[in-house]
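Down below is the structure, laid out as structure tokens.
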Amino acid sequence: MAKIRIYQLAKELEMSNDELLKILDDMGVTYKSHASTLEEDTALAVKELIGEQKVAEAARKAEEARKSIPHRPPVVVIMGHVDHGKTSLLDYLRKSRIAEKEAGGITQHVGAFEVKTPGGTVVFIDTPGHEAFTTIRQRGAKVADIAVIVIAATEGVMPQTKEAIAHAKASGAKIIFAANKMDLPGADINKVYQDLMQLGLVPVAYGGDVEVLPISAKTGQGVADLLETILLMAELEDLRADPKAEAQGVILEARVDKQAGVLASLLVQQGTLRIGDYVVAGECWGKIKAMSDAEGNRRTEAGPGSAVQVLGFSELPSAGDTFTWVPDQVAAKEITEERIEERKASEARGDLQRARSLADLMRKAQQDEQKEINLILRADTQGSLEAIQNILAKEATEEVKINVLLAAVGAPTESDVLLASTAHGAILAFSVNPSGSVKKAAEQKGVPLQSFRIIYELIDEIRKMVKGQREPVYKEEILGTAEVRAIFRLSRGVIAGCMVTSGKVTRSADIRVLRKGKEIWKGKIGGLKRLKDDVREVTQGFECGILLDGFTDFQEGDVLEASQQVEVATD
Ligand SMILES: Nc1nc2c(ncn2[C@@H]2O[C@H](COP(=O)(O)OP(=O)(O)OP(=O)(O)O)[C@@H](O)[C@H]2O)c(=O)[nH]1
């Protein structure tokens, strides 16, 4: 930028001459009039200053806009080891809520309920345990802001307590511990403190920042303090939601009622849902015909933090799907149809890339530029677990952080698979055998699960994973061949009508076009059809239509050779 006159710069910066002159005064720049020329350096400095001011102004406005959005109640899930008192605590909270109401108040299960306290409202997810929570999380929806993990003070931290901590951490929820059963003579809160310390969680009572509240779900002792702590934590989190926004939230549960039809419980997270609104959730849509809340009251609208049961979905939505408001039926139908099409196309393409080993996971993580690898460790003894964790700590590098979600004694469980699947992690098992059902679950969800018997093999695997040494070696495997018998020129491309003459042709295969035995093109398939349907593969003896990605110049008699790259074991 060369020299510039003040009025020119003012025009460029879309401000008045006087405004710019004032800025120059503040900067200590001397001038005669608005027609004076500014040195290049000065003009640049002015521009920079104005730029900074604009950014600051935009940030201030954004913050102001955020602050004008009202607070919303925190959503809490209760987790913990079996029999530690999750259901009892939920029951107590539910009852205390009804007690305030007139006698005879009925409740209905709508997936969540509100507890009103003088300090504010708290929404509790009405299903204890992490299964429900994780199923919801699996679909990518964040439901709970805070997890209350119940620990019986008569027993202390138990295996599922650790699992619950891992689940809560993986979801990004804040954690509050409730040391339960304090009414029993055997209760010892110090044991709970010490057990938590062992996990690296330092309770407030020991100078740390981990909240541990003594309660009794039976007598209700401490429950008010627990609610207060939840609300305090929520205040720090500054949770807000705009009731005027388009309604959006999560499906908590759904079922078919023989008389009423599809009943879906949902939690409104943003905006206000009203009778007559159209919504889409996954591949389903609905027009809200009726809504009712946990008190059994009919509702005409539901704002942020409300859990309601709604009537009006066309089909059964899945728990964990997010729902969003759409303007009308046309939009609702179009969006869901598009989603169904997309899913079918991706299934036909065989898109679902699944990591099968740690090395796969590592590579995928690198592709996604993910810097953390999430692992679940399972071993036969505490000693082996510690040894493995020490090794992991040593092997992690600047680039690759290893995050142990859960390290526990015993065989991997289905809940581990859920956790790994939500966190895109892997399970390493040492000297423990995963059951058949767990292996199957891992397979289905695409979670790498590797078992080791010899510690050095496990160390080796971890090293390779971290150092990314295990460069995959691929070899080509011929799947089959198809012969071009007819050529169809359509608006969307040229389709080769083929007969599969050997093996099979799959949608994801690499294709070589051979003419008189010579390769004339190589690439991918753009579409594979049997009759009118998109298919994943066609086997020998069947006819199919093949559309290639970037090749249209077919001739009858051309041979399409399908192959795929397979990874060769290097050790
Ligand atoms: N004395 C006493 N007993 C309690 C308390 N909380 C729960 N219990 C009892 O402990 C047992 C287990 O409580 P639940 O609430 O069913 O525990 P849970 O964690 O929901 O158990 P699962 O649903 O099986 O995982 C029941 O017999 C309860 O009555 C408490 O604060 N004090």
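First listed ligand is number 1; within each ligand, the first listed atom is number 1. Please read these numbers as outputs of a predicted model, since none were measured by experiment.
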*Should Lys287 and Asp277 count as an ion pair when the cut-off is N to O under 4.0 Å?*
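Looking at Lys287 and Asp277, the cut-off is not met.
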
Taking 4.0 angstrom as the limit and counting only heavy atoms of [X], give me the atoms of ligand 1 inside it, by number and element.
X: Val82; value: 24 (O), 25 (O)
X: Leu184; value: 1 (N)
X: His84; value: 17 (O), 19 (O)
X: His81; value: 19 (O)

_Quick check on side-chain hydrogen bond (donor to acceptor under 3.5 Å, both in side chains): which of Arg299, Arg298, Gln309 does Asp293 satisfy it with?_
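Passing option: Arg299.
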
_With the threshold set at under 4.0 angstrom, would you say Met182 reaches ligand 1 through any of its heavy atoms?_
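The answer is no: ligand 1 sits nowhere under 4.0 Å from a heavy atom of Met182.
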
_With side chain to side chain contact (heavy atoms under 4.5 Å, CB included) as the test, pick out the partner of Ile376 among Leu405, Leu449, Val417._
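Looking at Leu405, Leu449, Val417, the match for Ile376 under the side chain to side chain contact (heavy atoms under 4.5 Å, CB included) is Leu405.
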
*Just by modelled atom types, is the Val432 backbone N or O under 3.5 Å from a matching donor or acceptor in the Arg378 side chain?*
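No, because the side chain of Arg378 does not come within donor-acceptor range (under 3.5 Å) of the backbone of Val432.
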
*Give yes if a backbone or side-chain nitrogen or oxygen of Gly85 is under 3.5 Å from a nitrogen or oxygen of ligand 1, and no if not.*
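Right, the criterion is met.
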
*Measure from atom 22 (P) of ligand 1 to every heavy atom in Ile78, Leu90, Asp83 and give the option owning the shortest one.*
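The residue whose heavy atom sits nearest atom 22 (P) of ligand 1 is Asp83.
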
*Nearest non-hydrogen atom to atom 9 (C) of ligand 1 belongs to which of Lys218, Lys181, Gln221?*
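Among Lys218, Lys181, Gln221, the closest heavy atom to atom 9 (C) of ligand 1 comes from Lys181.
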
*For atom CD of Glu341, decide whether the heavy atoms of other residues, nucleotides or ligands shown that lie under 6.0 angstrom number more than 12.*
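Count not over threshold, so no.
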
*Between Ser437 and Glu414, a side-chain donor and acceptor under 3.5 Å*: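 Side-chain D/A pair, Ser437 to Glu414: present.
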
